Amino acid sequence: MLRRIPLVAVLLVGLAACSSNPEGSRLLKDYFQGADEAEPNAAFVAARDANAPTYIGSLQTQENAYTLFARQTTNAKGESTWVSPDNLSLGMVDGMIIATRGFGDDQMAGDARQTLAALKTGQNRITEHFVTRLDGDNQARTLAFRCDVEFQKQDAVQLSEAYTANTDLFLETCRNGETDFVNFFWIERGSRQIVQSRQWISDETGALALRFVK
């Protein structure tokens, strides 16, 4: 699972608490200069060396479970693959998670286009959110959720020492009779990009908090 990275712990405390922290740039600089002892995988190193965009992430069900995700590829549909130093990967569209690998109880695929459209337009909306997972027989099963996407408040999210994003915080509350979850999305005003989020992966894995590093 996620490797413990003490250097980014201070930053992720703020992320896990849904607040901001000004230490991000220094901590990431230290990490990239080799202060972390574990050798990152080659895919992450290549993305890092190409100055790829980066998220810092925290798995909410494990104490001090922090890592980084750098963008590896983007296809013609706008679906991007993000890789971590410790062999985790995310599939995302504009910051919305559509797949995970390496977490254990993964999302094989996801479709949250209706929710993403609501966030882009800044509208409260009832949406459908689909998540495909492997069941106990190792068969793919798609779960359909009905979700309420609702604006909560304006909030400032510090993405670097030099840049603070002015955001709208939205909650996506989803249920289907078997499972329910709540996702948090901080949407930058103007660009309408997801710059910070806390997104449910599965019951066993829990939620992954992400903050974009600018």
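Computed from a predicted model, the values in this text were never measured in an experiment. The figures here come from the full heavy-atom set of this structure, side chains too, leaving out hydrogens, waters and symmetry mates.
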Across all chains, not counting sequence neighbours, the side chain to side chain donor-acceptor pair (under 3.5 Å) partners of Glu188 are Tyr163, Ser191

Spell out, yes or no, whether Phe181 and Leu171 are grouped together once hydrophobic residues are joined by side-chain heavy atoms under 4.5 Å, including indirect joins. no

Under the side chain to side chain donor-acceptor pair (under 3.5 Å) criterion, do Asp106 and Thr100 qualify, and how do the steps go? CA-CA 5 Å; Asp106 283 302; Thr100 69; 2.7 Å; yes

Closest non-hydrogen contact found for Gly57 with Leu210 is CA-CD2, 3.9 Å

Does Gln123 have any side chain to side chain donor-acceptor pair (under 3.5 Å) partners at least two apart in sequence or in another chain, and if so, which? Arg125

Relative to each other, are the rings of Phe151 and Phe170 parallel, tilted or perpendicular (30° and 60° limits)? perpendicular

Just list the side-chain donor-acceptor pairs under 3.5 Å for residues 143-150, sequence neighbours left out, or say none.
none

How many angstroms lie between atom CD of Gln196 and atom CD of Gln158, to the nearest 0.5 angstrom? 11.5 Å

Does Tyr55 have any ring-ring contact (aromatic ring centres under 6.0 Å, His included) partners at least two apart in sequence or in another chain, and if so, which? Trp82, Phe212

Look at the side chain of Thr142 and the backbone N and O of Thr132, then say whether any donor-acceptor pair between them is shorter than 3.5 Å. no

Tell me, with the steps shown, if Arg133 and Glu178 meet salt bridge (Lys or Arg N to Asp or Glu O under 4.0 Å). CA-CA 14 Å; Arg133 299 172 51 213; Glu178 298 178 22; over 6 Å; no

Any chance you could measure Asp49, atom CG, to Phe44, atom CZ, to the nearest 0.5 Å? 9.5 Å

Holding to side chain to side chain donor-acceptor pair (under 3.5 Å), I want the full list of residues that pass it with Gln107, two or more places apart in sequence or in another chain. none

Any disulfide bond (SG atoms under 2.5 Å apart) involving residues 88-120? Give me the pairs, sequence neighbours left out, ordered by first then second residue. none

Is there a path of hydrophobic side-chain contacts, each under 4.5 Å between heavy atoms of I/L/V/M/F/W/Y residues, joining Leu59 to Phe69? yes

List, by chain and then residue number, the residues other than Phe130 in its hydrophobic cluster (Ile/Leu/Val/Met/Phe/Trp/Tyr, side-chain heavy atoms under 4.5 Å); write none if there are no others. none

To the nearest 0.5 Å, atom SG of Cys174 lies from atom CG of Asp180 at 9.5 Å

Partner residues of Gln114 under the side-chain contact (heavy atoms from CB on, under 4.5 Å) criterion, sequence neighbours left out: Thr127, Glu128

Any side-chain heavy atom of Arg192 sitting closer than 4.5 Å to one from Asp168? yes

Test Gln199 against Phe185 for side chain to side chain contact (heavy atoms under 4.5 Å, CB included), laying out the working first. CA-CA 8 Å; Gln199 301 184 53; Phe185 297 99; 3.6 Å; yes

Check the surroundings of atom CZ in Arg141: do more than 12 heavy atoms from other residues, nucleotides or ligands lie under 6.0 Å from it? no

Could you grab the distance from atom OG1 of Thr67 to atom CG of Leu208, nearest 0.5 Å is fine? 9.5 Å

If I take atom CG from residue Leu88 and atom CG from residue Leu68, how far apart are they, to the nearest 0.5 angstrom? 11.0 Å

Quick check for you: to the nearest 0.5 Å, what is the distance between Asn87 atom CG and Asn41 atom CG? 4.5 Å

Test of understanding: with side-chain contact (heavy atoms from CB on, under 4.5 Å), list the residues that count as partners of Asn51, not counting sequence neighbours. none

Can you check whether Arg113 reaches Met96 side chain to side chain, under 4.5 Å on heavy atoms? no

Identify, with sequence neighbours excluded, every residue that meets side-chain contact (heavy atoms from CB on, under 4.5 Å) alongside Ala99. Arg101

What about Leu116 and Ile187, same hydrophobic cluster or not, with Ile/Leu/Val/Met/Phe/Trp/Tyr joined at side-chain heavy-atom distances under 4.5 Å? yes

Using only heavy-atom distances, determine whether the side chains of Thr205 and Asp105 contain a donor-acceptor pair under 3.5 Å. no

Treating Ile, Leu, Val, Met, Phe, Trp and Tyr as nodes and any side-chain heavy-atom pair under 4.5 angstrom as an edge, say whether Leu159 and Ile194 lie in one connected cluster. no

Does Val83 share a hydrophobic cluster with Ile56, counting links as ILVMFWY side-chain heavy atoms below 4.5 Å and allowing steps through other members? yes

Sequence-distant partners of Asp94, salt bridge (Lys or Arg N to Asp or Glu O under 4.0 Å), two or more places apart: Lys120

Who pairs with Ile98 by side-chain contact (heavy atoms from CB on, under 4.5 Å), at least two apart in sequence or on another chain? Glu79, Val93

So Asn183 and Ser197, do their side chains get closer than 4.5 Å, heavy atoms only? no

